[in-house]
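The next block holds one structure in the form of structure tokens; read it before the comments.
Both counts, for ligands and for their atoms, begin at 1 and track the order of listing. Only heavy atoms go into these numbers, but all of them, side chains included; no hydrogens, no water, no symmetry mates.
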Amino acid sequence: MRFCPNCQSLLTPQKVDKRKKLVCKHCGHTQSLTTKVKASYRIKQRIDHGPKDETIILDEESSRHRPMPTVRAVCPKCGHKVAYYWQVQTRSGDEGMTTFYRCHECSQTWREY
Ligand SMILES: [Zn+2]
Ligand SMILES: [Zn+2]
């Protein structure tokens, strides 16, 4: 991010006379765009867009295919190795969180001791 030395407004990259320059929309001040500045703008854009796009994709995936998170846990009833799990806060504070499992295969539910 670069700011105008005259009025402290944000400078935006724009094409001026076929060359990229930083332009202040407030007072019309222009500044030549160095390679270094160009690179910093490019990195900023990647940070802005990258993680957001990824998050949307992950959300869609998980809601469509996995209504609950699964974990590798062996079912005591059928021996299946994948189970849904969720955590419940127990009333007696000394126990903390209790993890429950539900077998992906036979729906057997058990808790972790
Ligand atoms: Zn300005
Ligand atoms: Zn099972």
Side-chain angles (χ1 to χ4, degrees):
M1 286 296 179
R2 287 298 170 99
F3 296 93
C4 177
N6 299 330
C7 66
Q8 306 307 315
S9 295
L10 184 67
L11 295 174
T12 49
Q14 262 180 27
K15 266 195 174 175
V16 180
D17 301 331
K18 292 179 185 173
R19 295 190 66 180
K20 276 222 162 183
K21 284 190 171 184
L22 289 173
V23 179
C24 173
K25 284 179 176 172
H26 192 73
C27 73
H29 171 84
T30 59
Q31 201 173 308
S32 60
L33 193 56
T34 62
T35 318
K36 200 180 162 191
V37 175
K38 244 185 244 174
S40 78
Y41 268 95
R42 214 173 299 144
I43 290 162
K44 182 72 167 59
Q45 278 177 351
R46 209 180 301 146
I47 292 164
D48 281 352
H49 298 129
K52 205 199 264 174
D53 292 348
E54 223 167 273
T55 309
I56 291 162
I57 293 161
L58 283 176
D59 284 351
E60 281 175 3
E61 282 289 301
S62 59
S63 60
R64 204 185 314 138
H65 300 296
R66 302 190 307 170
M68 283 167 77
T70 55
V71 70
R72 286 174 67 88
V74 179
C75 171
K77 194 177 167 192
C78 75
H80 192 71
K81 290 186 182 64
V82 180
Y84 299 115
Y85 79 100
W86 65 97
Q87 290 187 313
V88 175
Q89 180 76 54
T90 50
R91 257 180 226 173
S92 58
D94 51 302
E95 263 190 89
M97 301 291 277
T98 304
T99 306
F100 285 88
Y101 297 99
R102 179 172 292 156
C103 177
H104 195 269
E105 190 65 29
C106 71
S107 294
Q108 170 76 13
T109 306
W110 72 99
R111 56 172 280 185
E112 185 184 58
Y113 291 102

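- Taking 2.8 Å as the criterion, C7 counts as a coordinating residue of the Zn ion (ligand 1), since one of its N, O or S atoms falls below it.
- Taking the side chain as every heavy atom from C-beta outward, H29 and P5 approach each other to under 4.5 Å.
- Heavy-atom neighbours of H26 NE2 from other residues, nucleotides or ligands within 6.0 Å: at or below the threshold of 12.
- Within the 2.8 Å limit, H80 places no N, O or S atom next to the Zn ion (ligand 2).
- The Zn ion (ligand 2) has no N, O or S atom of H104 inside 2.8 Å of it.
- If you put the vertex on the Zn ion (ligand 1), SG of C27 and SG of C4 sit 110° apart, to the nearest 10°.
- Heavy atoms only, all atoms of each residue included: Y101 and W86 are closest at C-CZ3, 4.3 Å.
- The Zn ion (ligand 1) has no N, O or S atom of H26 under 2.8 Å away, backbone or side chain.
- The SG atom of C106, the Zn ion (ligand 2) and the SG atom of C75 define an angle of 110° (nearest 10 degrees).
- In the model, R102 has a side-chain atom that pairs as donor or acceptor with a side-chain atom of T109 under 3.5 Å.
- With contacts defined as side-chain heavy-atom distances shorter than 4.5 Å, the pair Y85/T70 does not qualify.
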